[in-house]
Amino acid sequence: MVQLVPSTTAVRVFEGHTAKINAVAALPDGRRMITASKDKTLCLWDLKSGLVMKKMEGHRGALNALAVSRDGKLIASGDARGELIACHGETGETLTQPIKVHSAIILSLDFSPDGAVLATGLDDGTTNFVSTRTWQVQGNPIKSGCVVRCVRYSPTGTLLGIATREKIEIYKPGKRQCVIKFKAHRKTNFSLAWTPDGTRLLTGGDHQDPTIREWDVSTWKQVGEPWKGHATVIKAIVINSAGTLVASASYDNHVRLWRLSDQRTVACFQHCTLVASVTFSVDGSHILSGGVDKKISEWAVPEDALLDNNPKGPTSKDPGSESEDAPKDPAPMDQGSDSQACFYHLMM
């Protein structure tokens with residue numbers, strides 16, 4: 001097998017934070033990105049000039065989580081004090097004062113596809129839901145009983161994936177109805193990503209099982225073998241909009257680029273310290289990643305990898321997309337049930 005030589009020279013570096021960068025997201029307009037740092041600030045960047053357009057302050061705790069609504073109109077950030085701040089996606093102006101979602105640390109955020117709800121994953125084992133109309137917590141939380149590392153809505157919003165210390169949990173969020181819970185990794189599940197067509201879910205493990213695993217959403221069975229390459233915690237997983245390439249950020253100082261169709265690594269990018277965040281540019285031609293080095297590095301996706309940029313299969317629905325009662329959804333299972341398959345956030 002040919003050994004990949006990691007690239008150590010980034011196309012460009014963005015500097016402006018004074019502490020670890022825990023999250024990064026590209027805005028839908030393709031012109032800007034947003035970063036969240038342990039230094040308690042957000043930075044809104046101009047991707048063309050590489051300069052900070054606006055430094056957004058107001059948090060009193062280290063920022064661990066960041067989310068951008070699908071239409072780019074809203075930005076939300078969550079901190080170690082359990083507080084949430086919402087900002088205008090175009091101007092970066094603050095829309096709310098710090099909102100006390102919980103006394104627990106906010107480890108993950110994700111907007112529903114329609115932008116109406118913001119899911120918050122907390123270190124006390126709960127997932128809360130915040131209305132973006134009132135910016136108040138609505139309804140009952142989902143209680144997982146152990147640390148929630150990552151929350152991600154499926155492409156149509158009919159399912160919510162929750163990565164906890166012990167299991168992957170899938171819910172119908174509107175009804176808070178559990179679809180299935182299963183043990184994906186040997187110990188802790190750190191990260192989640194849905195494919196754009198909603199037919200697959202990818203999960204990332206910790207130092208005891210530093211693999212990515214691919215799950216068939218129609219059966220909740222593992223697809224193929226574990227994706228091996230990382231040496232420790234897989235902090236974040238993202239998939240390009242075409243559904244063909246996957247990028248993963250790890251505390252082993254590397255970002256790996258994978259081809260979804262055959263689960264193979266096609267490129268590797270090396271930071272000087274651990275990597276905590278990663279995203280694709282809107283056009284999918286670049287990867288943006290950051291971590292303890294306090295900067296964002298921009299990497300070019302290899303041209304041969306971009307040639308296979310045609311999504312496979314249907315792109316409009318994930319199971320259950322017709323309604324929350326659709327028969328395509330897997331039957332709900334009791335809270336103690338596991339599938340037979342055995343084998344991302346913050347390390348304080």
task = Tell me, with the steps shown, if Asn128 and His102 meet side-chain hydrogen bond (donor to acceptor under 3.5 Å, both in side chains).
result = CA-CA 9 Å; Asn128 282 336; His102 206 281; 5.0 Å; no
ask   = What's the verdict on salt bridge (Lys or Arg N to Asp or Glu O under 4.0 Å) for Arg213 and Glu225, showing C-alpha distance, side-chain angles and the deciding distance?
value = CA-CA 7 Å; Arg213 297 177 188 266; Glu225 296 297 318; over 6 Å; no
task = Tell me, with the steps shown, if Asp216 and Arg200 meet salt bridge (Lys or Arg N to Asp or Glu O under 4.0 Å).
result = CA-CA 5 Å; Asp216 184 330; Arg200 296 285 191 270; 3.7 Å; yes
inquiry  = Does Asn253 form a side-chain hydrogen bond (donor to acceptor under 3.5 Å, both in side chains) with His271? I'd like the steps, not just the answer.
reply    = CA-CA 5 Å; Asn253 303 356; His271 284 248; over 6 Å; no
message = What verdict does the side chain to side chain contact (heavy atoms under 4.5 Å, CB included) test give for Leu27 and Ile34, after you've listed the backbone C-alpha separation in whole Å, the side-chain angles of each residue and the deciding distance to 0.1 Å?
response = CA-CA 7 Å; Leu27 274 76; Ile34 184 84; 3.8 Å; yes
Verdict with supporting geometry, Thr41 and His59, side-chain hydrogen bond (donor to acceptor under 3.5 Å, both in side chains) = CA-CA 7 Å; Thr41 70; His59 281 280; over 6 Å; no
request  = Please step through side chain to side chain contact (heavy atoms under 4.5 Å, CB included) for the pair Met56 and Leu44, ending with a clear verdict.
outcome  = CA-CA 8 Å; Met56 297 134 78; Leu44 185 64; 4.1 Å; yes
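Contact detail for Thr265 and Ala267: the closest heavy-atom pair is CG2-O, 3.3 Å. Annotation for Thr279 and Val238: closest pair CA-CG2, 3.9 Å, computed over non-hydrogen atoms. Of all heavy-atom pairs spanning Ser248 and Ile234, the tightest one is CB-CG2, 4.1 Å. Of all non-hydrogen atoms in Asn22 and Lys20, the two that sit nearest each other are OD1-CE, 2.8 Å.
Using a 4.0 Å cut-off between charged nitrogen and carboxylate oxygen, Glu166 and Lys187 do not count as a salt-bridge pair. For Lys40 and Glu57, the salt-bridge test fails: no basic side-chain N is under 4.0 Å from an acidic carboxylate O. Salt-bridge annotation for Glu90 and Arg31: present, with a side-chain N of the basic residue lying under 4.0 Å from a carboxylate O of the acidic one.
A distance-only check finds no donor-acceptor pair linking the side chain of Ser108 to the backbone of Gly121 [under 3.5 Å]. Panel note: side chain Asn189, backbone Thr164; a donor-acceptor pair is recorded below 3.5 Å. A distance-only check finds a donor-acceptor pair linking the side chain of Ser37 to the backbone of Ala19 [under 3.5 Å].
By the 6.0 Å contact criterion, NZ on Lys228 is open, its count of non-hydrogen atoms from other residues, nucleotides or ligands being 12 or less. Open room surrounds CG on Asn140; 12 or fewer heavy atoms of other groups in view lie less than 6.0 Å from it. Residue-environment remark: NZ (Lys55) exceeds the threshold of 12 foreign heavy atoms within 6.0 Å. Lys294 NZ: 12 or fewer foreign heavy atoms inside a 6.0 Å radius. Atom CD of Gln138 sits in a crowded spot, with more than 12 heavy atoms from other residues, nucleotides or ligands closer than 6.0 Å.
Aromatic pair Phe182/Trp215: centroids less than 6.0 angstrom apart.
The line from CG of Leu288 to OG1 of Thr35 is 10.5 Å long, rounded to the nearest 0.5 Å. Asp206 contributes atom CG, which lies 13.5 Å from atom NE2 of His230 (distance to the nearest 0.5 angstrom). Taken from CG in Leu245 to CZ in Phe280, the straight-line distance is 5.5 Å, to the nearest 0.5 Å. Atom CG of Leu47 is separated from atom CZ of Phe14 by 5.0 Å, given to the nearest 0.5 angstrom. Atom NZ of Lys73 is separated from atom CZ of Phe111 by 12.5 Å, given to the nearest 0.5 angstrom. Distance CG/Leu118 to CD1/Ile106: 8.5 Å, rounded to 0.5 Å.
Ring geometry, Trp258 versus Trp227: the interplanar angle falls from 30° to 60°, so the pair is classed tilted.
With Tyr153 as the aromatic partner, Arg70 does not meet the cation-pi criteria of under 6.0 angstrom to the ring centre and within 45 degrees of the ring axis.
Side-chain contact annotation: Gln270 with Thr8, donor-acceptor N/O pair under 3.5 Å absent.
Both Leu95 and Val101 are assigned to one and the same hydrophobic cluster, defined by single-linkage of ILVMFWY side chains at heavy-atom distances under 4.5 Å.
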